[in-house]
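Step one of this worksheet: look at the structure below.
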Protein chains: 2
Amino acid sequence: MQDKEKNGSANGIEAFRAEAVLSIEEICTEIFRRNQTSIKIKKEAVAVKNLVKIFDTTLALSNSKGFQTTSLRDLSAASGLSMGALYSYFSSKDELLEMILSQGRQMTRRILTRYIYADDPPKKKLSDAIRTHLYLTEVMQPWFYFAYLEAKNLKRDQQKKVIAGELATEKIFIDILEEGNAAGIFACDSPVLTASAIKAMLQDWYLKRWKYQRRNISVDTYAVFLIKLVETIVAPG
Amino acid sequence: MQDKEKNGSANGIEAFRAEAVLSIEEICTEIFRRNQTSIKIKKEAVAVKNLVKIFDTTLALSNSKGFQTTSLRDLSAASGLSMGALYSYFSSKDELLEMILSQGRQMTRRILTRYIYADDPPKKKLSDAIRTHLYLTEVMQPWFYFAYLEAKNLKRDQQKKVIAGELATEKIFIDILEEGNAAGIFACDSPVLTASAIKAMLQDWYLKRWKYQRRNISVDTYAVFLIKLVETIVAPG
DNA sequence: GTCTATAGTGCGATAGAC
DNA sequence: GTCTATCGCACTATAGAC
């Protein structure tokens, strides 16, 4: 386990995925404990199982027709829980939305902090950051897709959290590029614009999944392609 | 005029914008004439003026809170037309959606065919295609943003048209890259993945406008940056 | 802990006055 | 050509049976 963590995302997408699945249950347990005032269910096992089902079903339905358009009747039918049952897990459709966004943010934070090492050299840090980001969004694709496409329907404070997350990711890349520039390993005219371009190509992976799936391009293939492309951009000379 | 067209988008964003505004009115006139069965208004001047207002208002409202969430009552209040008046320009909310999408598609087609020349050398074609695409999405940013973010709420046939447009743009870049490869001017391992990456960076311009605006980056600055970046990627050696 | 039945709200769409 | 008034419907949310 310690070795696996030390290797970052080097063990490939499957090892990464195995760890993520465990984290999802953990985080739903946390959500259950934190919201025990509004959640009327008392048995933790039942509640966590249903919360995972509610979140997954909501993401699936919303990603094919939008969260606003998805009625709680749809969610009830697809999840197998009645309207009444649903309302013992959240007090409004808005609260359901907040719970989902918060679950995703916690997952993201947990995984990113686990896989980023300050003491690696810039070039390794750059390729690790790209690969980890791709793996993360591959495993949590429905959530990232959801958070991105529903962002404009959110309330102010929720929107700000989405934007903050976006800029935080970009900042990771800006810092790596500037560190590489200072060390003379990279020659990157505008770290800000370059980081922004990297971010755009990373986002394409979870926003246009249909395209890559249709073309039989795996996340590892895309990672290799993207790392090479970025290294060409930042290479001196 | 002939010179302007011959120079493609070389005259900068402002010349481009001037031409586009004229086109919008033309296209609304076409829409009016084509839909005269469902549009109850008879005076062309009145109808076109109101159609432009309806489209603009719908895009503005939808881009801040989503098309589904925007009620026709909202649209009525913001546009200054009553519910009854609105319904003399379209027969359902769905038809309004179709009219907007069709208006944008016509604009896109008209502008792209006007600015792309088959007989230029690959390198010039590549930079012209990037610049023209950026100018187009700059001038019609609300429409592109709308078409992208509402795509999943559309019906099957409308969705297919959005995807077809997406792939058509990508094809333009694949063809240019392959032509350059064949001529020995480019050395691009995977034209498909590279075109897809270029597309992702082009889309970032209209999807993340808030970010570029906040950083005071103009469309011309972004164009110069992106063209240089892409030329680095495809350069041999 | 989960269900069914229903109250209350706001929507898309239309009819008819002006 | 545009308005106001209104209908029927689908939604969120809740109350009370089991």
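Below, all heavy atoms of this structure are taken into account, side chains as well, without hydrogens, waters or symmetry copies. In what follows, chains carry the letters A, B, and so on, assigned in the order in which the sequence lines appear, proteins first and then strands, with residues in each chain numbered from 1. Owing to the predicted nature of the structure, the values given are computational and were not obtained by experimental measurement.
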Write down the distance between [atom1] ([X]) and [atom2] ([N]), rounded to a whole number of angstrom.
X     : N      : atom1 : atom2 : answer
B:L75 : D:dT2  : CG    : P     : 14 Å
B:Q36 : D:dG1  : CD    : C1'   : 15 Å
A:L61 : D:dC11 : CG    : C1'   : 16 Å
A:K65 : D:dC11 : NZ    : C1'   : 12 Å
A:E44 : C:dG1  : CD    : C1'   : 16 Å
B:K42 : D:dT2  : NZ    : P     : 13 Å
A:K40 : D:dG16 : NZ    : C1'   : 13 Å
A:Y89 : C:dG1  : OH    : P     : 8 Å

TODO: Answer with yes or no after comparing the ring centroid distance for B:F16 and B:Y115 against a 6.0 Å cut-off, counting only values under it.
DONE: yes
Open item on the list: If you compare every side-chain N and O of B:N50 against the phosphate oxygens of D:dG1 (OP1, OP2), does one of them come in below 4.0 Å?
Closed with: no
Open item on the list: Any salt bridge linking A:E30 with A:R33? Criterion: basic side-chain nitrogen under 4.0 Å from a carboxylate oxygen.
Closed with: no
- [ ] Tell me which nucleotide among D:dG1, C:dG1, C:dT4 gets nearest to the side chain of B:V46.
- [x] D:dG1
Open item on the list: Heavy atoms from C-beta onward define the side chain here; which of D:dT4, C:dG1, C:dC3 lies closest to that of A:L81?
Closed with: C:dC3
- [ ] Anything under 30° is parallel, anything over 60° is perpendicular, the rest tilted; go ahead and classify A:F67 against A:F146.
- [x] perpendicular
- [ ] Evaluate the ring planes of B:Y206 and B:Y148, with Trp represented by its six-membered ring, and classify them as parallel (under 30°), tilted (30 to 60°) or perpendicular (over 60°).
- [x] perpendicular
Open item on the list: Between A:W205 and A:Q141 (side chain of the first, backbone of the second, donor and acceptor by atom type, cut-off under 3.5 Å), is there such a pair?
Closed with: no
Task: Under 3.5 Å donor-acceptor, A:S79 side chain and A:T57 backbone - done: no
Tabulate protein N/O versus nucleotide N/O from nucleotides 10-14 of chain C, keeping only pairs under 3.5 Å, one per line.
unit_1	atom_1	unit_2	atom_2	d
C:dG12	OP1	B:K93	NZ	3.2
C:dG12	OP2	B:L72	N	2.9
C:dG12	N7	B:R73	NH1	2.9
C:dG12	O6	B:R73	NH2	3.0
C:dA13	OP2	B:Y87	OH	2.4
C:dA13	OP2	B:K93	N	2.8
C:dA13	O5'	B:Y87	OH	3.1

Open item on the list: A:N50 vs A:K53, test: side chain to side chain contact (heavy atoms under 4.5 Å, CB included). Steps then yes/no.
Closed with: CA-CA 5 Å; A:N50 281 336; A:K53 194 193 295 179; 4.0 Å; yes
